[in-house]
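Right, one structure below, let's go through it.
Chain letters run A, B, ... following the sequence lines, proteins first and then strands; every chain starts at 1.
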Amino acid sequence: MTEARELQRAAGWRRLDSRMLLVHPVNELIRFLPLVIGFFFVGSSQEGSSLYWHIGGIAVPILLGIMRFATTSFRITGSQIELRRGLISRNVLTAPIDRVRTVELTASPIHRILGLAKVKIGTGSASKSGSEKLELDSLRGHDARALRVELLHRSREVSEVSGVSEDSGVSTSSTAGTGSTTGTGSTTRTGSTTGALIDDIVLLRLDPAWVRYAPLTTSGLLIAFGALAATNSFLARLVNDVNGSELTTRVKESPVWLSVLVGLVIVIVVISVLSALGYILTNWGFTLSRDRNGRSFHIRRGLLTTRETSLDKERVRGLEIHEPLGLRLAGAGHLSAIVTGLDRRSRGSSPLVPPAPTAVVVGVGEAVLEETGPFTAALLPHGPAARRRRYARALSGAAVLPAFLVVGWLAWDWPPWLVPVSLLVFVAATALARDRYAGLGHALTSKYLIVRSGSFRGRRDALQRSGIIGWNIRQSWFQKRVGVVRLTATTSAGKQAYTAYDLSEGVAIALADEAVPGLLRQFLRAAS
Amino acid sequence: MTDLQLRDPVHRVSTKAPVLWVCLALGQAIIGAVVLWLVTGRWNWFSMPWWVWVLYVVVALTYLVLMPMIRYRVHRWESTETAVFIQTGWLTLERRIAPMSRVQTVDFEQGAISRIVGLASVTVTTASAAGPLKIHGLDKDVAQRLVDELTRRTQAEPGDAT
């Protein structure tokens, strides 16, 4: 009796792919490869004990892998996904499918060799502890994709059709022996569990020529500096080698400006190469597509580790166009989606277009929003007070340097010619203030609130008006004197807050009132 | 685009709230003075002319007198059928508005000093990490009533408030 019920309960449970048993051992083997090779050549008579340690180091992960494989299973019932884990302490995690907001497939090189992919299911839960994450490590690539389709599409169908047939994708695909081919190719066919193939509409494919934008992005620079820091010790040795060689004497003989120039060129080349490598590693094969029914977006990218993210379209609350100074000057930008339900680590935004020409960014943005307004709408400037504040801030900030140098000249006998030279910062500050003011803008379309700001990190955000869940209106003492405010729309997605700076008070209130009708009206002062 | 302006929220905070603010500010001032004394007097890291103490006391006293006065004039709140509206700050004015349909949690809080003087604060959060609405220095009864009212209204709203 109870056995029959057990059987019934066990129906539909699926396991992870058995090949995942290889993932950890292979990982460990690669880590120990140098040691293993060493033992092979040197022999290990006196180092036997440490060899045992290393064998243990390989065996333990294998055992853990077997345990995890044996004890993890999951299933999809009519409206829920259940994940069962643990040998001694049973842990069953249940999440309603209509709460599934994102599905992410990642495959490290080892996963890819074995034709596997890790599935991460985002439900928008605030809990970030490991035991409550819905993560399946790993499924066969084909099954993972099938699961994704099932999750994202079922979440709509649940409300329409109840009791969907429990077709097991695992058994069919393993008997057919497919799946191994879907690992790396640029195929955009996605198998659904019902057997039908859905062709995705490709919105964007990476053009390798865009690598040229990599050095212009801030993240590209960060990656380059990170790599430089990581190879620091190597560089130090290089410097040591160079020191005392004839190269140094030749550098010493050449004029200062030449060595500075050469140094600058070297730095620029190194940074460009490193950031280009970073761009290729993360964005290689970047493909953005939408399924035929227009319910979700799929993003696929990565050279070694591939990452496939699927976004439920209903969770997209808007778009962020990032135009950092370098990219802007080159006529380029990158695009992210403002999404609810992504975890905090990715800060609620998912890249939709890597650094690419503006025309591409705008084209994809319009395709995603299915609306042209947010990108073509003329933005309203923020007015003279905002302009004065930009200049006042930039110039007062810039004044610190000459003032400091004057003090240094008077107090510590610094060379006086530094002072007039330092006045050049005012030129830079003026240019910055001008650009920052030109960056300010806002607009309202039928569905979106658009705000733009920034210079070095220029950005234009289009936030769905229905996604606005509150307003913060802030006015400092200085702002009060000139009658401007900072208007922030709060939302549950992306950055959580999108801000228009230094709007004149009346404009800000009118904007907020119009963007979310009926909210502010009751708090307005009667027209005097 | 006429010159629209927000009016102030209807309700002031409790008349006892300035007492709370004075207590807290006094605590800060004393801690600051102790640190200053330790650094210059006791451990003698560097010497400080006596007039800095005079300056410190003057600034602290001004702060203690002005801040609660201005703050009491500024801090206001209001809760209607459809929205919560608060105004805080003393040098910087901050106004926050959240629609009732997007309210997720309502917190009632009492610190040690608040309990002695019978005050409480109410925090209203939405699904956004950027927008908690916090009302300090309410009379305990008023705060309790507000919490009940907000809870009742938000429960009546459908949807998951994201």
Q) Has B:K140 got more than 12 heavy atoms of other residues, nucleotides or ligands less than 6.0 Å from its NZ? A) no

**Q.** From CZ (A:F523) to OG1 (B:T80), nearest 0.5 Å
**A.** 4.5 Å

Q. If you measure from CG on A:L519 to CZ on B:F85, what distance do you get to the nearest 0.5 Å?
A. 10.0 Å

**Q.** From A:R525 atom CZ to B:D8 atom CG, the distance as rounded to the nearest 0.5 Å
**A.** 6.0 Å

Q) Quick one: do A:E505 and B:R95 make a salt bridge, cutoff under 4.0 Å? A) yes

**Q.** Distance (rounded to the nearest 0.5 Å) between B:T92 OG1 and A:W477 CH2
**A.** 11.0 Å

Q. Where on B:Q87 is there a heavy atom nearer than 4.5 Å to chain A: the side chain, the backbone, both, or neither?
A. neither

**Q.** Over 12 non-hydrogen atoms of neighbours within 6.0 angstrom of CZ in A:R481
**A.** no

Q.
Heavy-atom pairs under 4.5 Å with chain A - which of B:A83, B:G89, B:P99 has more of them than the others?
A. B:P99

Q. When rounded to the nearest 0.5 angstrom, what is the spacing between CH2 in A:W471 and CZ in B:R96?
A. 14.0 Å

Q.
With rounding to the nearest 0.5 angstrom, report the OG1 to CD1 distance, B:T126 to A:I469.
A. 3.5 Å

Q. Looking at A:N472, A:I468, A:L520, which has the largest count of heavy-atom pairs under 4.5 Å with chain B?
A. A:N472

Q.
Looking at B:A130, is its backbone amide N or carbonyl O close enough to the side chain of A:Q496 to form a donor-acceptor pair, meaning the two atoms are under 3.5 Å apart?
A. no

Q) chain B: which of A:A508, A:A497, A:S476, A:S504 shares the most heavy-atom pairs with it under 4.5 Å? A) A:S476

Q.
If we count only N and O atoms by modelled type, under 3.5 Å, do the side chains of A:Q522 and B:T82 hold a donor and an acceptor together?
A. yes

Q: Heavy-atom distances under 4.5 Å only: say whether A:T491 touches chain B with side chain, backbone, both or neither.
A: backbone

Q. In terms of heavy-atom contacts, does CZ of B:R7 have more than 12 from other residues, nucleotides or ligands at under 6.0 Å?
A. yes

